[in-house]
Trainee: 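Next up is a structure, given as structure tokens.
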Amino acid sequence: MATSAPTLPLLDVDNPATGETVATIEQVGADAVAPAAERARAAQVRWAARPWRERAAVVRRFHDLALDRSDLVLDTIQSESGKSRRDALAELITVAGTARYYLAHGRHHLSDRRARPGVPLLTRARSAWQPHGLVGLITPWNFPFLLGVADALPALLAGNAVLTKPSELTPLSTLLARDLLVEAGLDPDLFQPLVGAGPELGGPLVAAVDYVGFTGSTATGRIVARAAADRLIPCSLELGGKNPMLVMPGARIEDAVHGLVAGGFANSGQTCISVERIYVHDDVWDEFVAGARARVGALRVGWSEGFDVEMGSLVSVDHADKVRAHIADARERGAEILVGGDEPPPGLGRAFVTPTIVTGTDETMAIHSEETFGPVVRLERVASAEEAIAKANDSDLGLNGSVWAGGRRGARGLARRLAVGTANVNSTLLIYNSYDVPMGGIRRSGIGRRHAAAGIQRYCRQQSIVESFSRGGGYEIILRLVDTPKRTAALLRVVRLWRRVPGMR
Ligand code: NAD
């Protein structure tokens, strides 16, 4: 007798800022993954056979629809994350930017490339891109709409189907993205969100797909990488950071303070590339600390569906407690709290964390090198740029960095010396909206890149096609002709000369 899988409890999605349950939705278990993959694979064959312009038309309509329905998009993001309206708007703008970039440049990144032939005149070579087929994406809660759909857009444009597993804390934005894609004309089987528990769905998802793109914590990334390695499928890992900011003499301090507010406190500090450590040169310490104290201490924190609040809540009380534990640990071990502290802002719930600046930290404190992922930064005074670079690079994470210094060339030189995948000069977060440069981490911050050519090529396997003209002396004929010492010597003379012939090397 066939047994059906046990029914899973419904999933409540809560607004952490208000505590209200905003939706109750069905979740799926491991048994749902294989059938979803089968439907996706059938749809993918038809999708990949359509010309680029037809696939692009769907993504273009999605781009326009998301902007037309901006209120719905922002309401949905805010309702499940508790973030400010402005932070939700940043997600929408970045989704639109990603769509715009790949609509304009994706086809070029995937076009065939003529390459230098193995034997000039007798052979030809080119490389081409073919979609993997079925792409799996596993995404976190910190940018539910942006990370819920933006990485899927180049995958779809390249001709893949996508199974995506959003965070169980914030599935609504991904479901909305799916609705908008379907309204834009996408076959629903081509972008299927699987809502449910990560440890339950993660394994079956990796087992069902041809490529997995993971965004989330370093610990979970390791589990996903192991599962991908078992199957020998390619994967990318976009993981955490403990991102340094350097403030050096000659920097415009007022701008650097604004950079700190954006880099450390936008999205309530829950941004993989957000600033967590700031190294400030002696010469500008007093001015920077005074500015940072004033500006961070005055941040308007709360819940609002308007633009009157600068910082919303964190994603959950649990996560806010973890962030507060970093502040409390630092305070108890002797750090100085310059602004904020480990109590929620007055009158607000426990999912809110008071924007906090800490100084006088040391290696014994969790805040020193662990990712805090909240509105908390630590400041450290340094005597030179050399000391700042050495301290910034003393980390096993290497995602993003930021340099503020007088003279752009000097600042760029410092940026190059940071051990990070992405570096910003006179900015902290600009990298994420710079779609034509690859974005990703080094060290334990990840493997692989999103954005730019790499961000669409990763969803394809590269195929090389070489041709030999067999009539009149193709490659194989040459090999057959070399069958005596004299002919071998003649061939070696040609090989020796070859290095000197321009245009044929
Ligand atoms: P997380 O690792 O806890 O969860 C991420 C996703 O993985 C979720 O969908 C979760 O359900 C799923 N998951 C959990 N266990 C799993 C398992 N065993 N197998 C497969 N999937 C599993 O991360 P989070 O707390 O949601 O997100 C915060 C982290 O994400 C931070 O460390 C942050 O730095 C990182 N992040 C990185 C980037 C980047 O681009 N580098 C962007 C955003 C967030």
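Numbering of ligands and ligand atoms starts at 1, following listing order.
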Trainee: Please check if any side-chain donor atom of R178 sits under 3.5 Å from a side-chain acceptor atom of Q192, or the reverse.
Mentor: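 Distance-only check fails for R178 and Q192.
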Trainee: By the ring pair (Phe, Tyr, Trp, His ring centres under 6.0 Å) test, which pairs, at least two apart or in different chains, include something from residues 414-444?
Mentor: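 Pairs touching residues 414-444 that pass the test: Y432-H451, Y435-H451.
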Trainee: With Q130, which residues qualify under side chain to side chain donor-acceptor pair (under 3.5 Å), at least two apart?
Mentor: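 In terms of side chain to side chain donor-acceptor pair (under 3.5 Å), with neighbours along the sequence ignored, Q130 is linked to Q463.
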Trainee: Indicate whether the side chain of R378 and that of T372 have a donor and an acceptor atom separated by less than 3.5 Å.
Mentor: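 Judged by distance alone, the side chains do not pair up.
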Trainee: Select all protein residues for which some heavy-atom-to-ligand 1 distance is less than 4.0 Å, and list them by chain and number.
Mentor: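 Ligand 1 pocket, heavy atoms under 4.0 Å: I138, T139, P140, W141, N142, L147, K165, P166, S167, E168, G198, P199, G202, F214, T215, G216, S217, T220, I223, V224, E238, L239, G240, C272, E371, F373, L399, R450.
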Trainee: Can you list every ring pair (Phe, Tyr, Trp, His ring centres under 6.0 Å) pair that touches residues 192-228, not counting sequence neighbours?
Mentor: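 Sorted result for residues 192-228: H132-Y211, Y211-Y459.
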Trainee: Going through the distances and angles, do N142 and T271 end up as a side-chain hydrogen bond (donor to acceptor under 3.5 Å, both in side chains)?
Mentor: CA-CA 7 Å; N142 59 332; T271 305; 5.5 Å; no
